[in-house]
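First comes the structure, then the notes that go with it.
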Amino acid sequence: MEEARGSCSSSSRVAVAATAAVCVIAVSGAIFYTHHRRLEKLQKQLVWDDKPQKRFKRVLADNFDSPFQHFPSPLTGSQVGHPYEDVIRGLAENPNLSFANYYSDNVLPPGMEGPCLWVQTRSQLEALVDVLKGEKEIGVDIEHHHVRSFRGFIPLIQISTYSTDYLVDAIALHDDMHLLHPIFANPAILKIFHGADNDSLWLQRDFHIYIVNLFDTARACDVLGKPQRSLAYLLQLYCGVSTKKIYQRSDWRVRPLPAEMEIYARTDAHYLLYIAQCMRANLVQASRNDNQLLLEVVRRSNAVCQQLYEKEGVGDSSSAVVASILGRLYNNSNSAMRGEEDAYLRRLVQKLVEWRDALARAEDESLRFVMSDAALLAVAKERPLTEESILSTIISTDELSRASETAVPGLQPLPSPSPVVQEHVGLLCDILWDFAEDPKDDVWPWRSTTNLSNPADSLYEKFCSILHIPSISFLWGSSSSSNVVLVTEKDGKSIGRKGQESWVRRTIPKKWRVGNAEQARLQFVKKFSCKAPVYHNCRIYAGDGRLLCFCDRKKLEWYIKRGLAEDMNEEPPAIRLLFEPKGRPEDENNEFYISRKSNRCVGCGESSHYLRYRIIPSCYRQHFPEHLKSHRSHDIVLLCVDCHEVAHKAAEKHKREIVVQFGVPLFAHRVVDGGNETAGSNEVSFVAEGESRGVSPLQLRTAAMALTRHGPTMPVERRKQLEEILKTYYGGREIGPEDLKAALIVGMGPREHRRFLKKRLQRQQRASNTNRSEDVDSVDTKTHGSVQMSQIVSDAINSIMDEMEDGTLLLPSKSNQEEKPELGIKSEADKAEKGSGSNEDLQADASGSDEDIKESLVAEPSRRHSRRSINKESLLGHGPHGKQVVDIIIEKEGDEGIRQFCQLWRAVFVDALQPAFLPPGWDVTHSGRREFGDFSVYKPPEGRDEQH
Ligand code: AMP
Ligand code: MN
Ligand code: ZN
């Protein structure tokens with residue numbers, strides 16, 4: 001230990017050369033400031049990006065609900081119950097009341113001049129164990145981290161002897177901490193803690209360390225009837241030391257630890273030996289010189305040690321969480337909800353709680369980090385149906401609570417929305433949609449149908465595959481390479497190998513995993529795969545008998561019904577056109593277009609399930625010039641979930657390469673209003689990187705949302721701030737109510753806009769039906785009155801007009817011109833592409849409440865162009881990135897550039913998957929060149945947008 005000894009008292013720190021690299025590096029007062037700046041930077045990095053637990057090899061308590069496996073009893077080898085139960089009971093029955101009493105009476109408490117050593121390497125830890133073996137009493141305190149981890153972990157253990165304070169870096173030494181097991185289990189060494197309840201359980205959970213022979217100064221407080229039981233109080237009382245308890249909540253993962261945090265951590269353990277000695281004297285005095293009170297403290301301390309760690313939140317914990325979240329609502333609102341609505345809200349909160357729980361476990365984050373209770377409740381209440389409005393709901397809710405939070409040194413405020421939610425907001429959106437469509441349908445039966453007490457039963461695997469989380473394996477503890485065995489010593493004797501498996505890092509048995517992973521996979525397949533065969537393989541022949549293309553049944557019916565073709569009575573069905581198409585498709589001779597397509601994974605041939613996969617991501621493709629867009633059937637293939645996963649990962653990687661190559665970020669940084677300075681305009685311009693104009697799209701949306709919803713009620717200060725954001729977007733000019741409305745839908749893609757309108761209509765209806773004044777929505781109605789209502793209706797009309805122009809809305813056609821057959825050129829796969837996506841979505845939108853609006857469409861043609869300037873895709877997705885990339889390619893290399901770009905994507909796909917079942921004629925170098933007939937669907941009046 002000598003060589004590792006260095007002083008790091010606050011005034012002068014000296015680190016010994018041999019350990020300088022790992023110990024606290026010598027810092028003099030002069031360079032303290034810069035040192036601190038560096039720390040701040042480091043800290044920031046660590047808090048958001050680095051999760052040190054990913055490097056832990058031994059994870060005793062994974063994030064599943066499987067029972068915690070305790071260390072086997074060194075005497076019996078039994079894993080049931082406390083491994084040191086007998087030893088602890090023995091201590092309680094025959095307490096050892098001979099204490100070290102290091103400090104002579106009436107001596108001042110020990111100052112902090114002595115050495116403070118960091119223990120950060122295995123050899124240093126071994127040296128520490130050697131030192132502690134010879135001690136009679138040690139003071140111990142433990143810091144815990146629970147923000148960026150589902151169960152939390154111990155980042156730091158402070159151990160103080162009579163002469164030295166040790167700071168044990170439990171992150172760097174996580175996998176070696178069990179070396180301290182013999183010290184803590186040794187009944188000959190008294191461990192002094194203050195309030196060891198949690199500490200004791202954390203030690204078991206992380207390191208299989210059990211405290212035997214404890215003196216808990218918090219118990220002494222209770223027995224002595226002290227007015228307070230905090231350590232801060234005792235430090236003040238016995239040592240005249242004041243501490244800032246705010247550091248309790250600091251981020252103790254930070255390395256190196258900032259000086260003040262280091263002092264705080266030391267202080268927590270340093271005085272314990274002294275305080276315990278004072279309190280023992282007090283206890284003896286208080287019981288008039290017998291040992292009754294002292295014995296009571298020993299008894300209570302032993303009881304603390306006897307507690308066994310169990311995983312928290314096991315079983316039906318979600319209902320408790322749901323109750324507490326709903327409790328928040330009822331406390332805040334002055335009237336109860338109606339029964340039906342209440343049940344509806346409860347279901348949704350339940351669903352969101354389960355979603356949050358699953359996400360927290362899979363990503364190893366605390367529930368709070370994933371999403372605050374307040375935000376979760378707000379999402380459940382407001383049911384936003386677009387990704388952005390979900391994010392804005394979360395932001396504006398957390399915004400309100402942030403004001404009342406105290407800043408904690410060394411702790412970043414929690415980001416809102418959390419990176420986890422940002423990454424998986426799509427899934428959240430799906431949940432809300434699924435729920436809106438069928439509140440009773442259990443789409444996410446994480447808990448309801450599955451018993452999570454068995455990790456192999458877990459649906460998290462499924463969850464992870466949906467989320468594309470590769471790191472889940474560390475939660476499973478699946479890398480079986482390290483065969484860590486805990487060896488404890490009792491009386492110098494190594495314990496036997498009995499029960500060894502349980503305290504070797506546990507691994508999930510292979511056969512178990514496979515079976516249930518399979519089960520989980522099937523669930524996933526059921527939800528996400530195509531519900532019916534994609535290719536019907538119906539054929540359309542020209543009058544001269546040449547095969548024109550393959551298509552679906554609907555298409556055939558369309559021609560037959562109009563007398564444009566005759567049924568050839570074949571299976572799969574085929575028709576012969578009764579007219580000569582004006583132009584034959586250029587692909588007529590391309591094998592790809594005239595071969596039948598199999599309903600199976602093109603990667604591995606799996607035919608029991610498949611999903612559509614877009615080889616060229618839509619964020620690029622949607623911006624291609626029309627004449628290059630036409631070949632999507634070539635670039636949409638069917639893949640099974642496993643191949644889908646492989647292809648998706650390769651595509652994400654290639655996207656990141658494109659980001660670097662083109663210098664175009666994935667998300668739009670800033671936008672400004674590009675309009676003609678007239679109120680209510682909606683022309684969005686991107687701001688080049690480096691320019692300071694404009695605001696981020698998310699910021700703009702959030703501000704507009706908050707102002708619309710809470711504008712009249714929010715503090716004036718806040719409102720000014722938000723209005724400032726809007727002004728910045730509008731280039732600094734004064735803004736009016738029209739601008740607010742416009743800003744709200746800036747950058748919403750058509751799909752999101754539809755969802756938004758649908759949502760608002762529903763709200764309006766609800767509000768006018770119930771007419772409850774405490775409802776935020778009805779406040780909306782009241783303030784803006786009927787003007788607002790008619791605006792919504794006209795917005796809806798515009799939106800539907802746009803869809804008609806886009807050709808995405810399948811209204812029955814009435815007039816002659818449009819009824820001209822499309823020559824059947826639109827091949828089946830082209831059509832299939834829309835199958836489960838926007839069309840269904842659209843049809844759902846066009847039904848029900850929008851029905852009457854549809855009726856009035858024809859009467860309002862002048863509205864047609866008012867929404868034209870609104871962007872066709874969301875500003876918050878990868879759309880803007882795609883547009884910029886495509887623009888660059890076209891500018892530099894024209895069509896040929898786009899063709900090469902497509903070929904590259906196909907090559908990425910082929911490289912990643914080595915697909916063995918591609919249809920005949922499929923080719924990486926597919927040209928995409930094509931001429932158009934007059935009636936070709938590929939020559940629409942305006943771009944057809946894909947919204948995936
Ligand atoms: P202490 O016993 O004061 O050393 O605290 C040990 C650990 O408990 C700290 O590292 C925190 O993780 C946690 N903790 C204690 N008090 C609080 C608090 N008021 N808020 C949040 N965490 C706390
Ligand atoms: Mn502490
Ligand atoms: Zn496959």
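Each ligand, and each atom within it, is numbered from 1 in the order the structure gives. Atom set for the values below is all heavy atoms of this structure, side chains included, hydrogens, waters and symmetry mates excluded.
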Identify, by atom number and element, the atoms of ligand 1 in contact range of W252, meaning under 4.0 Å from any of its heavy atoms. 10 (O)
What is the name of the N/O/S atom of D141 that is nearest to the Mn ion (ligand 2)? OD2
Atom name in D268, limited to N/O/S, at shortest distance from the Mn ion (ligand 2): OD2
Atom 2 (O) of ligand 1: the protein heavy-atom neighbour that sits closest, reported with distance to 0.1 Å: D141 OD1, 3.7 Å
Can you tell me which residue and heavy atom of the protein come closest to atom 11 (C) of ligand 1, and the distance to 0.1 Å? Q248 O, 3.2 Å
Aromatic centroids of Y613 and F909 separated by under 6.0 Å: yes
Can you confirm if the aromatic rings of H144 and F153 lie within a centre distance of less than 6.0 Å? no
Are Y233 and H194 an aromatic pair, judged by ring center distance below 6.0 Å? no
Step through it carefully: locate the ring centre of Y102, locate the ring centre of Y274, and say whether they are under 6.0 Å apart. no
Among all protein heavy atoms, pick the one closest to atom 12 (O) of ligand 1 and tell me residue, atom and distance. H144 O, 2.8 Å
Hey, which N, O or S atom on E143 ends up closest to the Mn ion (ligand 2)? OE2
Please say whether more than 12 non-hydrogen atoms of neighbouring residues, nucleotides or ligands are located less than 6.0 Å from NZ in K245. yes
Return yes when W202 approaches ligand 1 closer than 4.0 angstrom through a heavy atom, no otherwise. yes
Closest approach of P915 and V602, non-hydrogen atoms and distance? CB-O, 3.3 Å
Indicate, with yes or no, if the rings of H178 and F207 have centres closer together than 6.0 Å. no
Are D216 and R300 close enough for a salt bridge, meaning some N to O gap below 4.0 Å? no
Shortest protein contact, atom 6 (C) of ligand 1 (heavy atom only): I142 O, 3.2 Å
What atoms of ligand 1 come within less than 4.0 Å of a heavy atom belonging to K245? 3 (O)
To the nearest 10°, how many degrees is the angle C643 SG to the Zn ion (ligand 3) to C604 SG? 120°
Carboxylate-amine/guanidinium proximity below 4.0 Å for D206 and R151: no
Looking at R249, which atoms of ligand 1 are within less than 4.0 Å of one of its heavy atoms? 18 (C), 19 (N), 20 (N), 21 (C), 22 (N)
Heavy-atom side-chain contact between I138 and I192 under 4.5 Å: no
Run the contact test for H146 against ligand 1 with a 4.0 Å cut-off on heavy atoms, strictly below, and give the result. yes
Under 2.8 Å: N/O/S of H644 next to the Zn ion (ligand 3): no
Looking only at protein heavy atoms, identify the closest one to atom 5 (O) of ligand 1 and say how far it is in Å. E143 OE1, 3.9 Å
